[in-house]
Amino acid sequence: MGKSKKELSKKIVLPLLSTMLLSSSLVACSNSEKTSKESGKSESNNTISIMTTAYSPEPPGEDSPVFKELEKFMETDIKVNWVLNSSYSDKLNITLASGELPDIMMIPSKIPSFISAVEDGAFWELGQYLKDYPNLSQANEITLNNSSIGGKIYGIYRSRPLGRNGITFRKDWLENVGLKTPKTIDDFYNVLKAFTENDPDGNGKDDTYGMVVSKYTGPWDIMQTWFGAPNKWGEDADGNLQPDFMTEEYLNALKFFKKLYDEGLINEDFAVMDPLKWGDPLLNGQAGVIVDVVDRAHRAEEDMMAANPNLKEPIDVIGAVEGPTGLHNLPTSGYSGMLAIPKSSVKTEEELKKVLAFIDKLSEAEAQTLAYNGLEGRHYELKDGNLVELTENDEALINEFTDLNQFQTGIPENRFIQAEQTPLLEKEEIVKTENEEIVVPNPAEALVSEVYAQKGQQLDNIINDAKIKFIVGQIDEAGFKDAIELWRSTGGDDYIDEINQLYKEVN
């Protein structure tokens, strides 16, 4: 996200750091950290120190056979300072303030303290070096931009599927109502209408509806891209950035959502439905569609078949349906945290290249397999080429390798051994890959806005409230435009001006 002014960043960061420093002794004495060979500055050219998250209270220590094998493969003495995920933000801020930094720090998000440290020159800018490494050079350009600060790369992202969003639907219901997999928005509408009105479960009752939605706004955000709406920000006719909700395509999507609500094709209580209960109507045979991450599909199918073994492949999944301007889909950010390299511990370009070579080598199949699968013969075995896990919920065995993936970049992804795939799991992977060709990037993703840091929640609430009110008929198009004017006068115009200034600087 572009450059923010250092003075304001420090105003945001320093009060937080002061609070954290007061509690540092408590954190240091807690059992939320486990150090595998103490963290700190490298003692030799073959030593790398890392600070990262742990999800297990007992992550791999120096006595772990997997950890030893990883060190052997990497030809490096690896020192890991594990910090439980629940305590990581606090510990990260304390560590950044202390100046005693490891060679590699996992930064979970672009938090103000990290941005401030970047602005102070505390971390290496890595963009120019990635092309020199066989694995890191394969980084996805959209994800790199999403993880950047002002278009510059200060951390190597930990990869997650970029094209993860899609449509999960009842395949058996589709067959029952005599329709084919939807290809266009009109097809999608017809499926929802048939699932609502044509007794797709064949029980003779009017007890089904098309799509379940909760108060989580993700489905609306995904579906609006089908209509050609931008991903949060898009260029206007003059090349300036404008918010998505100021476009005609967004309004067309809103009108479609209202049509679904008016005709009872979605649940009437969507605006108050707990997202934790969002999947229940699909599993209970009430609704036939969910727009969400595509891996919801296999989870739903497994749960449904466990409850009713008579079902046979009841679920299918697709990425998107075609709208007025073709196929589009909303991407995820494509990453979960990043590995940043401090200048205080990695002082020279020569040292930097050695650390980058280490991170690059972590993506080799051998290293990924150790991190995700453990040791063959101890944690898993292969039978007819298929993975068979040997841990059998043995916590001690699992802890020998669990969390080693917390300093994996996964660039490229999935070189480890994966479980045998069902047809639906295979379909999900295909959809994720195909989605990468149609995702709509957010051109402002890399820009750090001071206005948004101060007023973002208030601004978002204005538009989100207006969106819901429009869908349920409490306001009309004029009322939505009034909400946009309120947004603009509450700080939105300043936000637009700032984003465009940053956008011009970056480009």
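The structure displayed is predicted, hence computed values, not measured ones.
- In this structure, the side chain to side chain donor-acceptor pair (under 3.5 Å) partners of Asp201, at least two apart in sequence or on a different chain, are Asn203.
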Side-chain donor-acceptor contacts of residues 208-217 below 3.5 Å, not counting sequence neighbours, with atom names and distances?
| from | atom 1 | to | atom 2 | distance (Å) |
| --- | --- | --- | --- | --- |
| Thr208 | OG1 | Phe195 | O | 2.6 |
| Ser214 | OG | Tyr216 | N | 3.1 |
| Thr217 | OG1 | Asp221 | OD2 | 3.4 |

Between side-chain atoms of residues 250-257 and protein atoms elsewhere (two or more places apart, or another chain), which donor-acceptor pairs fall under 3.5 Å?
| from | atom 1 | to | atom 2 | distance (Å) |
| --- | --- | --- | --- | --- |
| Asn252 | ND2 | Glu248 | O | 3.4 |

Might you work through the salt bridge (Lys or Arg N to Asp or Glu O under 4.0 Å) test for Asp316 and Lys427, ending with a clear yes or no? CA-CA 8 Å; Asp316 202 355; Lys427 176 82 175 286; 2.8 Å; yes
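- Aromatic pair Trp82/Tyr88: centroids not less than 6.0 angstrom apart.
- Between the side chain of Asn500 and the backbone N or O of Leu241 there is at least one donor-acceptor pair closer than 3.5 Å.
- Asn399 and Ser56 share a donor-acceptor pair across their side chains, judged by distance under 3.5 Å alone.
- A donor-acceptor pair under 3.5 Å links the side-chain atoms of Asn308 to the main chain of Asn310, judged by distance alone.
- Between Asp295 and Arg164 a salt bridge is recorded (basic side-chain N to carboxylate O distance below 4.0 Å).
- Thr168 pairs by the side chain to side chain donor-acceptor pair (under 3.5 Å) definition with nothing, not counting sequence neighbours.
- For Trp487 and Phe245, the ring centers are positioned less than 6.0 Å apart.
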Phe470 and Asp465: CA distance, side-chain angles, deciding distance, side-chain contact (heavy atoms from CB on, under 4.5 Å) verdict: CA-CA 9 Å; Phe470 184 91; Asp465 288 349; over 6 Å; no
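- Applying the side chain to side chain donor-acceptor pair (under 3.5 Å) criterion to Ser336, with sequence neighbours excluded, gives no partner residue.
- Remark: Lys183 does not engage Glu322 in a salt bridge, criterion side-chain N to carboxylate O under 4.0 Å.
- A salt bridge is defined here as a Lys NZ or Arg NE, NH1 or NH2 lying under 4.0 Å from an Asp or Glu carboxylate O, and Glu477 with Lys481 meets this definition.
- Here Glu381 pairs with Lys383 under the salt bridge (charged side-chain N to carboxylate O under 4.0 Å, His left out) rule; sequence neighbours left out.
- No donor-acceptor pair closer than 3.5 Å links the side chain of Arg158 to the backbone N or O of Leu339.
- With contacts defined as side-chain heavy-atom distances shorter than 4.5 Å, the pair Thr402/Tyr55 does not qualify.
- Here Glu364 pairs with Asn135 under the side chain to side chain donor-acceptor pair (under 3.5 Å) rule; sequence neighbours left out.
- The closest donor-acceptor contact from the side chain of Asn284 to the backbone of Asp280 lies under 3.5 Å.
- Taking the charged nitrogens against the carboxylate oxygens, Asp244 and Lys232 have no contact shorter than 4.0 Å, which rules out a salt bridge.
- Side chains of Gln406 and Thr52: a donor-acceptor N/O pair is absent below 3.5 angstrom, by distance only.
- Note on residues 412-452: pairs passing ring pair (Phe, Tyr, Trp, His ring centres under 6.0 Å), not counting sequence neighbours, are Tyr372-Phe416, Tyr452-Tyr495.
- In terms of modelled atom types and a separation under 3.5 Å, the side chain of Asn442 and the main chain of Ala444 share a donor-acceptor contact.
- Without hydrogens or angle criteria, Gln224 side chain to Ala229 main chain gives no donor-acceptor distance under 3.5 Å.
- Looking at residues two or more places apart in sequence or on another chain, you find no side chain to side chain contact (heavy atoms under 4.5 Å, CB included) involving Ser137.
- Of the possible polar contacts, none joining the Asp236 side chain to the Gln242 backbone as a donor-acceptor pair under 3.5 Å is found.
- Put simply, the side chain of Glu437 does not reach to within 4.5 Å of the side chain of Asn329, judged on heavy atoms.
- Counting heavy atoms from C-beta outward, Val448 and Lys110 have side chains that stay 4.5 Å or more apart.
- In this structure, the side chain of Asn405 does not engage the main chain of Gln408 through any donor-acceptor pair within 3.5 Å.
- Sorted by first then second residue, the ring pair (Phe, Tyr, Trp, His ring centres under 6.0 Å) pairs that include residues 138-158, not counting sequence neighbours, number zero.
- Not counting sequence neighbours, the partners of Leu283 by the side chain to side chain contact (heavy atoms under 4.5 Å, CB included) test are Ala300, Asp303, Met304.
- The salt bridge (charged side-chain N to carboxylate O under 4.0 Å, His left out) search around Glu366 returns none, not counting sequence neighbours.
- In this structure, a donor-acceptor pair under 3.5 Å is present between the side chains of Gln457 and Asn461.
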